[in-house]
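Worksheet: the structure to be examined is printed underneath.
We're numbering straight along the sequence, starting at 1. Atoms within a ligand are numbered from 1 in the order they appear, just like the ligands themselves. Because the structure is predicted, anything quoted here is derived from the model rather than measured.
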Amino acid sequence: MTQDTSGTTTPMGFGRMHRKEDARFIRGRGTYVDDVRLPGMLHGAILRSPHAHARILSVDASAAEAYPGVRAVITGATLETLNLAWMPTLSADVQAVLATDKVRFQGQEVAFVVAEDPYTARDAVELIDVGYEPLEPVVDARRALDADAPVIRDDLEGRTGNHIFDWEAGDRAQTDAIFERAEVTVAQDMLYPRVHPAPLETCGAVADFDKVTGKLTVWCPTQAPHAHRTLYALVAGLPEHKIRVISPDIGGGFGGKVGIYPGYVCAIVGSIVTGRPVKWMEDRSENLMSTAFARDYHMRGEIAATRDGRILALRVKVVADHGAFNGTAQPTKFPAGFFGVFTGSYDIEAAHCEVTGVYTNKAPGGVAYACSFRITEAVYLVERMIDVLACELDADPAELRMRNLIRPERFPYTSPTGWEYDSGDYPRALRLALDMAGYDKLRAEQAERRRGDGPQLGIGISFFTEAVGAGPRRHMDILGLGMADGAELRVHPTGKAVLRVSCQSQGQGHETTFAQIVAAELGIPPDDVEVVHGDTDQTPFGLGTYGSRSTPVSGAATAIVARKVRERARLVAAAMLEASPQDLEWSVSETGGRWSVQGSAGHGRSIQEIAMAAHSNLELPEGVEGHLDAVTVYNPPNLTYPFGAYVCVVEVDPRTGQVKVRRFVAVDDCGVRINPMIVEGQIHGGLADGVGMALMQLMAFDEDGNHLGASFMDYLLPTALECPSWELGETVTPSPHHPIGAKGVGESATVGSPAAVVNAVLDALRPYGVRHADMPLTPANVWSALRGSPLRT
Ligand code: MCN
Ligand code: CUN
């Protein structure tokens, strides 16, 4: 171990270690897509629709084409001639690349200008004259289902309404039967509003089509480079080996960089048409208006329980707003993502849910912003419902949860909707969180405050379980591509290694943690392992980074490929030591990894010595290959189920509606932690997301479908001012099926925290008779909830 200046140690494997990538990031030496500059590169800009819903009558691009410096103007009509006006989405719908018949949301792509510089391109965009006939927009998802609602997707054959899909899970009859005889039932409508991941780096692409070699290279900040390449191949009919997707450093993805956006396709077509590289970068407003939003779930939850607080059944109905094109990015068989885990962390006899997806005149998306494929919505639903039940029963929300949590002896636990939770000790995590928060003391302070009319104390709890790490590929694919990941490990003669993986860091620190996995398996320093990712020409196939699947899937592949290398090293070591491979034992000490003859530790060889020998003229037994390099593909047997217990303490001023988050205690269990420092960073970020969603963030639209949150003046991101100093705790329940016992963590805090904050605010408002209010709980919304409350004083 070596000590670094911050007091953290650089371990030979797992442990706290500064991120390797920080060396370039904190010096401003990262390479983001906008840093890519190619000789002769042109620049693209997009003309977007000012209307949410309108028929296109005419597009006149002549003035733009004649503008000095413009090299091409591409319209929907141009793309139609190439059969590229529409592209498939990740949910097997189609989306307009450039609109031809109608525009279906404000900000939709209508035309693309390619010019010598970005300013000329933007100026020329203004010269394109589009004739629109405005149509009635559908902004509210519930209105979308009305028989007289305008049909948004009249491009789809035989479409007479805005209904996309119905999906259900659980046992309806059993659930209904329990509701009928239950002592207590509660119901609550709630909206998980539309929010946006808002990464600091917007989307963009540099496309370079080489007419001589026929090779297309696309630099773009994609979370799933290999999936993008295959889709480009299938859509454009280009041979896959002639497409190279390079995902450079990414300034935040948060699920917004999974799909293919029209701008990427336009940049590619622009390069093919002009014969020169084309860069397209969207600005902040374009990013907020047109790229994947998150949530927009109108939910109704119902709980059936006994009078003493035993939860018997849960029933849920959802109207899911998918926007104008169904572009949600989740495994194909799961149109509502993993919402099916909506029974959460509780041992409930029966459950049933129905989700209806609809089109509206808003941007497409829905699965983004650290959602674990909609588990954000599922956790919020059940955790709000438990508090609603606590209100009804006048019970303590912590006790009510403790009473109903799945007990440790029930694992592996099969939920009423068929999910097999791998491992957990839920009561232990909740007890730890309550102890850390000093729960009883907080309740005493709350009671004291309730006697006055000053700021009220609210204590909110949420307990979450996530299902992360998609596949297995038998059940999970995206457009037919199974969710398994490859990994390749090369070990040079000097014992330095190069790991090649398909997952794609957007800030999660894979170059560090994945090096740590190899380091732990081979007993070499993490600095001796280079992690290569983000380039389809240099990495094995895999489905990419989202749904916190990197550690569960690519991380497992990494451990297994390193074990393969270790086994190869055993054979070489046996030859070196003139011993039988079975007689060797592996050990990792402070000096590194070693194969030695059992019982005589001195008689052994270090992994570095073995690596050199594997490349030397050492005589190897028949059938033993030289070198140590290995490849693998990992198809996970199950998802991993991280969980956590969160306690949020807020002060709410009933006179102003102002909410201040005073404390936030988060106990997370993501199994074995590879790098606790990175894990804590992930949790800090997710908790800030939760505060943001609960209190500030909203993608709002007016009745004409105008986007009201298209800048950071209106779409509010939480800052250090709104966030308390996070108090983190940890329990470790390894995943039994993951080679290193790790579960994912990248989305946990975003999934778990909004309910804790909202529960805290509503807990403060409980004496006023307010049972529920929708996010974001801005001062104005808290104020109106109080004014509308039955017990207003
Ligand atoms: N890790 C660990 N020990 C564990 C689990 C994870 O040390 N038991 C480490 C991992 O090795 C990795 C990081 O924590 O370095 C996150 O790992 P994981 O949970 O596997 O999640 P992914 O790497 O697959 O990241 C995806 C997840 C998602 S889906 C969103 S959305 C999100 C998130 O990560 N987007 C992010 N966190 C983000 N963080 C940053 N900075 N930027 C984003 O865009
Ligand atoms: Cu749902 S956001 Mo992440 O899975 O990329």
Nearest to atom 22 (P) of ligand 1 by heavy atom, Gly15, Ser550, Gly251: which? Ser550
Within a distance under 4.0 Å of any heavy atom of Gly255, pick out the atoms of ligand 1 and give their elements. 31 (S)
Using a 4.0 Å heavy-atom cut-off, say whether Thr545 meets ligand 1 through its side chain, its backbone, both or neither. side chain
Quick check: are there more than 12 heavy atoms from other residues, nucleotides or ligands sitting under 6.0 Å from CZ of Arg563? yes
Provide the number and element of each atom of ligand 1 under 4.0 Å from a heavy atom of Ala742. 8 (N)
Within the 4.0 Å heavy-atom cut-off, what Thr551 brings close to ligand 1 is both
Looking at OG1 of Thr551 and NZ of Lys743, how far apart are the two atoms once the value is rounded to the nearest 0.5 Å? 13.5 Å
Would you tabulate the polar-atom pairs, meaning N/O of ligand 2 against N/O of the protein, with distances under 3.5 Å, reported to 0.1 Å?
residue	atom	partner	partner atom	Å
ligand 2	4 (O)	Gly547	N	2.5
ligand 2	4 (O)	Glu747	OE2	2.7
ligand 2	5 (O)	Gln223	NE2	2.9
ligand 2	5 (O)	Gly255	N	3.2

Give a yes or no on this: more than 12 heavy atoms of other residues, nucleotides or ligands lie within 6.0 Å of atom CG of Leu717. yes
Under 4.0 Å from ligand 1, counting heavy atoms only, is it the side chain of Val679, its backbone, both or neither? side chain
Have Thr545 and Gln223 got a donor and an acceptor in their side chains that come within less than 3.5 Å? no
Evaluate the ring planes of Tyr413 and Tyr421, with Trp represented by its six-membered ring, and classify them as parallel (under 30°), tilted (30 to 60°) or perpendicular (over 60°). perpendicular
Would you indicate whether the side-chain heavy atoms of Gln682 and Val679 approach each other to under 4.5 Å? no
Quick one: does Gly252 get within less than 4.0 Å of ligand 1, heavy atoms only? yes
For Tyr646, run the ring pair (Phe, Tyr, Trp, His ring centres under 6.0 Å) check against Phe464, Trp726, Phe463 and tell me which one passes. Phe464
Quick note on ligand 1: atoms under 4.0 Å from a heavy atom of Arg549 include exactly 24 (O)
Decide if the gap between the ring center of Phe643 and the ring center of Tyr426 is smaller than 6.0 angstrom. yes
Give a yes/no verdict on whether any heavy atom in Gly547 is under 4.0 Å from an atom of ligand 1. yes
Would you mind finding which of Gly744, Gly256, Pro221, Gly253 brings a heavy atom closest to atom 44 (O) of ligand 1? Gly253
May I ask you to list the atoms of ligand 1 that are less than 4.0 angstrom from any heavy atom of Val672? 3 (N), 4 (C), 8 (N)
Just to check, does Gly685 reach to within less than 4.0 Å of ligand 1 when the distance is taken from its heavy atoms? no
Min side-chain heavy-atom separation Glu282-Thr291 under 4.5 Å: yes
So the atoms of ligand 1 within less than 4.0 Å of a heavy atom of His510 turn out to be 12 (C), 15 (O), 22 (P), 23 (O)
Side chain or backbone of Lys743 under 4.0 Å from ligand 1, or both, or neither, by non-hydrogen atoms? backbone
Please state which option from Glu466, Arg19, Gln508 has its nearest heavy atom closest to atom 35 (N) of ligand 1. Gln508
Taking 4.0 angstrom as the limit and counting only heavy atoms of Tyr546, give me the atoms of ligand 1 inside it, by number and element. 29 (S)
Per-atom contacts, ligand 1 versus Ala370 - under 4.0 Å to a heavy atom: 31 (S)
For Gly469 and ligand 1, answer yes if some heavy atom of the residue is under 4.0 Å from a ligand atom, otherwise no. no
So, His322 versus Phe165, ring centres under 6.0 angstrom or not? yes
Between Asp422 and Tyr641 (side chain of the first, backbone of the second, donor and acceptor by atom type, cut-off under 3.5 Å), is there such a pair? yes
Close-contact set for ligand 1 against Arg673 heavy atoms, below 4.0 Å: 3 (N), 8 (N)
